[in-house]
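It should be emphasised that the depicted structure is a prediction, and the values quoted were computed from it without experimental measurement. So you know, we letter chains A, B, ... as the sequences are listed, proteins then strands, and number each from 1.
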2 protein chains.
Amino acid sequence: MNQNRPARLPTIKDVAHEAGVSLGTASKALNGQGQLRPGTVERVRAAADRLHFRPNRLAQSLHRANSLTVGIISTDSFGRFSMPVMEGIEDVLGSAERSVFMCNAADDPAREKMHVDALLARRVDGIVVTGRRTDARPALNLGAARVPVVYAYTQVGHDPGQTVQAPCLLPDDFGGGEQATRHLLTLGRRRVAHISGPPKFEAVQLRARGYLAALSAAGAAAPLVLHGAWSEAWGREAAAQLFGPASATDALPDALFCGSDQIARGVTEALHALGLRVPQDVAVVGYDNWDVFTEATRPTLTSVDMNLRDLGRQAGQRLLDLIDAGPGQGLGGPLRLPCRLVVRHSCGAPVNEEAPDPRSSA
Amino acid sequence: MNQNRPARLPTIKDVAHEAGVSLGTASKALNGQGQLRPGTVERVRAAADRLHFRPNRLAQSLHRANSLTVGIISTDSFGRFSMPVMEGIEDVLGSAERSVFMCNAADDPAREKMHVDALLARRVDGIVVTGRRTDARPALNLGAARVPVVYAYTQVGHDPGQTVQAPCLLPDDFGGGEQATRHLLTLGRRRVAHISGPPKFEAVQLRARGYLAALSAAGAAAPLVLHGAWSEAWGREAAAQLFGPASATDALPDALFCGSDQIARGVTEALHALGLRVPQDVAVVGYDNWDVFTEATRPTLTSVDMNLRDLGRQAGQRLLDLIDAGPGQGLGGPLRLPCRLVVRHSCGAPVNEEAPDPRSSA
DNA sequence: TTGTACGCGTTATCAT
DNA sequence: ATGATAACGCGTACAA
C-alpha cells in the first residue's frame with residue numbers, strides 16, 4: 001500500500017509514461033474523447049488505477065470556464081436556522097462533482113468582504129448567502145465580478161435601479177401564520193390569541209398578519225397579539241398575563257398560536273400550572289417544528305415547519321440553474337416557500353401517528 | 001461601476017498591459033519580489049486596483065506546493081455537536097487565506113469516499129473529520145495520498161501497525177463526570193446518583209467512570225447509575241423510579257448528575273411534580289451546557305461544557321501544524337481536552353452572576 | 001531595473 | 001489511432 005513514490009501525486013504524465021503512450025493519448029483515454037483503440041484505453045485506465053491517479057481539478061479549472069466550486073457565506077455563525085439550510089444546499093451542490101466552500105462572516109462586514117474576496121480569487125461559480133434571520137441585509141459586494149448569487153433565509157432590499165435582482169428564498173411566514181390559525185379555527189376554536197417574538201423581526205410581522213388574515217376570513221373574535229422575547233420565560237409570562245387571576249373568565253382565549261416552539265412550551269407549562277388542560281381547555285400551536293421541543297412538550301406540540309432543508313435545496317438548485325443559464329437569466333426577487341403544519345397532540349386534532357425521524361443524540 | 005469588460009476576470013496580463021510593463025514585472029510588483037523602481041510598483045498597483053484584479057488562486061496553487069484549502073468531512077449531517085466544532089475549525093482555518101471545503105458524508109461510506117476523492121482532486125492541504133459521537137470509526141481511506149488528517153469529536157481505533165497515528169481531539173468525558181460529581185460532593189451532598197444515556201456510547205461509559213472515581217475518592221455512598229435514552233422523557237422516568245412512592249425514604253439521593261441537559265430537565269420537572277425542591281432537596285447537574293436548556297430549566301441548570309468550539313479551534317490549529325511540519329511529524333492518537341463546569345442555580349452552589357452570552361434567536 | 005521564457009497539470013487542436 | 005503543441009494564469013529563474 002505504502003508506495004515508495006514521492007509525496008507528489010501522480011500526474012497524467014506519469015500515467016502516460018506508465019501506459020507507454022503520449023500525454024495527449026492518455027488524456028483522451030481517460031476522458032473518452034477522440035478515436036482510441038479499445039486496448040489503448042484499457043491500458044491507460046489500468047495504469048491510472050495502478051497509480052491511483054486523480055486529475056488535478058485545479059489544473060482542469062484553469063482552462064475550463066468553471067471551477068465546479070461554490071461558496072456559502074453564513075452571515076452569522078452556524079446557527080440553528082442556518083444549519084438545515086446549509087445542509088440542503090450541500091445536499092444539492094455537494095453531489096454532482098461540485099464542492100462547497102463554507103465561510104462564516106460572523107456578522108462582521110469586514111470578514112464578509114474578506115471571504116468574498118477569497119471566494120472570487122478561487123473562482124467559485126456561484127455564492128449562496130445565508131442568515132439566521134429573514135430580515136433584509138445589504139447586497140453582497142462583488143465588485144466587478146459577475147458571479148451568480150442566491151440568498152437563502154435572508155434577503156436584500158430590492159433595489160429598482162438594479163438590472164437583475166438576485167433571488168431570495170424565504171419561508172412563507174404569512175402563510176405559516178395563516179395556516180396555523182386556520183387550523184385552530186377549523187377545529188372549532190373561536191378566540192385565538194397570538195403570542196410571538198420581538199416585533200422588529202419581519203417574520204414576526206408576517207406571521208401576525210397571516211394570523212389576522214385567517215381570523216378576519218373566518219369572522220372570528222377580536223384578535224390579540226402579544227410580543228416578547230424568543231424564550232420560554234416569555235411564554236410563561238404571556239400565559240400568566242392572559243389566564244392569570246385578574247382575567248375575565250368568559251373572554252379567555254381557547255387557543256394560542258405561538259411564534260416559536262420555545263414560547264409554546266413556556267405557555268404550555270404555565271397553563272398546566274394554572275390548572276388548565278391542553279388541548280381540552282386551551283389548544284396550542286408552535287412554530288419552527290424543532291423536534292427537541294415538540295417531542296418534549298406534553299402533550300406533544302403541533303407546530304409550523306418552515307421546511308428549511310428544502311429551502312436550502314431549492315437555493316442550491318436555483319444557483320445551479322443560474323450558473324448554467326449564464327448571467328442575467330434568473331428572475332430574481334423574493335420567493336416565498338410554503339410552510340407545513342405538523343399536527344401533534346397540543347391542538348386537539350386527530351393525529352395520524354407516524355414514526356418520528358430520530359434525530360436525537362448526545 | 002459596471003464595466004463594459006467581458007465576464008472574464010482580469011488577469012495579471014491585463015494588469016501588466018494597463019500599467020505598460022511586462023507580465024513578469026507586474027508579478028514582481030504585486031508580490032514585492034525582486035528590485036523594482038518604486039514608481040513602477042505604484043503604477044502596477046494602481047492598475048491592479050483599477051481593474052479589480054485578484055490573482056487566480058487556482059493558477060497560483062498549480063505551481064505552489066499547496067492549495068491553501070482544507071476539507072471538513074462531517075460524518076453525520078450538520079448536527080448539534082458538529083456545529084460548534086466546525087465553527088471553531090472555520091474560525092482558525094478560514095482566516096489566514098485558507099478556505100474550507102465542507103462535506104457531509106451523512107453516515108454513508110460511499111458518500112464519504114466520494115467526498116474524499118473530490119477533496120484530494122482539489123488538492124486540499126489537509127482534512128478534518130468530524131462526527132456527532134465520540135465513538136471510534138474506521139480511518140479515512142486516502143489511498144496513496146499523503147494528506148494530514150485530524151479527527152475532531154470522533155476517533156479512529158488506534159492501529160499499532162500504523163506508522164503514524166492521526167490526532168483525535170476529544171472532550172475529556174471522564175474528567176467531566178469526575179468534575180461534576182466532585183462539585184456535588186464538595187457542596188456536602190453524600191448520595192449522588194448518575195442518570196445517563198445509552199451505555200453503548202463511549203462518552204456515557206467515560207462519564208460514569210469519572211463519576212465512580214470521584215465517589216470512591218471521597219469515600220461516598222454506594223454508586224447508582226441508570227441508563228436510558230437521551231431524552232427528557234427518560235429523565236422524568238428515572239426520577240420517578242428513584243423518588244416515586246415505592247422508594248425508601250432514608251436512602252434517597254440528595255444529588256443527581258445527569259448525562260445530558262435534556263435528561264436533567266426531565267429530572268428537574270419530575271422532581272417538582274413530586275414536591276421536591278431543587279436544589280434544596282435534590283441538587284441537579286446536567287451535561288452539554290446547551291443554553292436553550294440550561295436557561296429554560298428552573299432553577300437554571302448547572303452543567304458540564306465540553307468546550308466544543310475550542311476543540312474545533314484546536315483541531316484546526318493542529319491541522320495547520322501538521323501541514324507546516326510535513327508528513328509524519330504529528331504525535332497522534334487520542335487527545336482529551338478538559339471540560340468546564342458552568343455553575344448556575346440547580347446545584348445549590350453560590351453562583352457569580354455574569355452576563356450570559358446571548359445566543360438566542362428565533 | 002526590467003523583460004523573456006519555462007513550468008505547474010490539464011484539455012483541445014492540429015498534424016501525423 | 002496517436003503524438004506534438006498551444007493555452008489556461010501565475011511565479012520565478014535567468015537573460016538583457
Side-chain angles (χ1 to χ4, degrees), chain A residues 5-45 47-48 51-69 97 120-125 145, chain B residues 5-45 47-48 51-69 97 120-125 145:
Chain A
R5 295 211 155 267
R8 187 178 66 76
L9 275 67
T11 75
I12 197 169
K13 203 168 164 183
D14 299 321
V15 174
H17 187 76
E18 174 88 6
V21 296
S22 84
L23 194 153
T25 305
S27 174
K28 284 174 218 160
L30 292 173
N31 295 309
Q33 303 286 346
Q35 310 294 323
L36 275 324
R37 193 183 321 169
T40 310
V41 173
E42 199 38 57
R43 231 169 51 244
V44 173
R45 288 241 169 96
L51 266 48
H52 294 102
F53 168 73
R54 295 173 198 304
N56 184 334
R57 285 220 183 273
L58 273 48
Q60 288 184 325
S61 305
L62 199 52
H63 82 119
R64 284 202 213 284
N66 53 16
S67 65
L68 292 182
T69 60
E97 333 245 72
L120 292 178
R122 295 228 143 74
R123 299 301 187 264
V124 292
D125 300 329
Chain B
R5 297 211 153 264
R8 186 179 67 77
L9 276 67
T11 74
I12 199 170
K13 202 166 163 185
D14 299 321
V15 174
H17 186 76
E18 174 88 6
V21 297
S22 84
L23 194 153
T25 306
S27 174
K28 284 173 217 159
L30 293 173
N31 296 310
Q33 302 286 345
Q35 311 294 323
L36 276 320
R37 193 183 321 171
T40 310
V41 173
E42 199 39 57
R43 231 171 49 244
V44 173
R45 287 240 168 95
L51 266 49
H52 294 100
F53 168 73
R54 295 171 198 305
N56 184 333
R57 286 223 181 272
L58 272 48
Q60 289 183 323
S61 305
L62 200 52
H63 75 113
R64 288 204 214 283
N66 52 16
S67 66
L68 292 182
T69 60
E97 334 245 70
L120 292 177
R122 296 227 144 75
R123 299 302 188 261
V124 293
D125 300 329

Closest non-hydrogen atom pair, [X] against [Y]:
{"X": "I12(B)", "Y": "S27(B)", "result": "CD1-CA, 3.4 Å"}
{"X": "L30(A)", "Y": "A48(A)", "result": "CD2-CB, 4.0 Å"}
{"X": "V15(A)", "Y": "A47(A)", "result": "O-CB, 3.9 Å"}
{"X": "L58(A)", "Y": "S67(B)", "result": "CD2-CB, 4.1 Å"}
{"X": "R57(B)", "Y": "R122(A)", "result": "CD-NH2, 3.1 Å"}

Considering only heavy side-chain atoms of H63(A), the closest of dC10(D), dG9(C), dT11(C) is dT11(C)

N/O contacts under 3.5 Å, protein versus nucleotides 2-4 of chain C?
residue	atom	partner	partner atom	Å
dT2(C)	OP1	R37(B)	NE	3.4
dT2(C)	OP1	R37(B)	NH2	3.0
dT2(C)	OP1	T40(B)	OG1	2.9
dT2(C)	OP2	R37(B)	N	2.9
dT2(C)	OP2	T40(B)	OG1	3.1
dG3(C)	OP2	S22(B)	N	3.0
dG3(C)	OP2	S22(B)	OG	3.4
dG3(C)	OP2	T25(B)	OG1	2.6
dG3(C)	O6	K28(B)	NZ	2.5

Given atom [atom1] of [X] and atom [atom2] of [N], what is their separation to the nearest angstrom?
{"X": "D14(A)", "N": "dG9(C)", "atom1": "CG", "atom2": "C1'", "result": "10 Å"}
{"X": "L58(A)", "N": "dT10(C)", "atom1": "CG", "atom2": "P", "result": "10 Å"}
{"X": "L62(B)", "N": "dT10(C)", "atom1": "CG", "atom2": "C1'", "result": "8 Å"}
{"X": "E42(A)", "N": "dA1(D)", "atom1": "CD", "atom2": "C1'", "result": "17 Å"}
{"X": "L51(A)", "N": "dG9(C)", "atom1": "CG", "atom2": "P", "result": "14 Å"}
{"X": "I12(A)", "N": "dA4(D)", "atom1": "CD1", "atom2": "P", "result": "15 Å"}
{"X": "R123(B)", "N": "dC8(C)", "atom1": "CZ", "atom2": "P", "result": "14 Å"}
{"X": "K13(A)", "N": "dA4(D)", "atom1": "NZ", "atom2": "C1'", "result": "13 Å"}

Presence of [X] side-chain N/O under 4.0 Å of [N] phosphate oxygens OP1/OP2:
{"X": "S27(B)", "N": "dG11(D)", "value": "yes"}
{"X": "N56(B)", "N": "dC10(D)", "value": "no"}
{"X": "Q60(A)", "N": "dT11(C)", "value": "yes"}
{"X": "Q33(A)", "N": "dT11(C)", "value": "no"}

Give R54(A) one of three labels, base, sugar-phosphate or nothing, depending on what nucleic acid heavy atoms sit under 4.0 Å from its own.
sugar-phosphate

Mind checking whether L9(A) and R123(B) have side chains closer than 4.5 Å, heavy atoms only?
yes

Side-chain donor/acceptor of R54(A) to backbone N/O of A121(B), under 3.5 Å
no

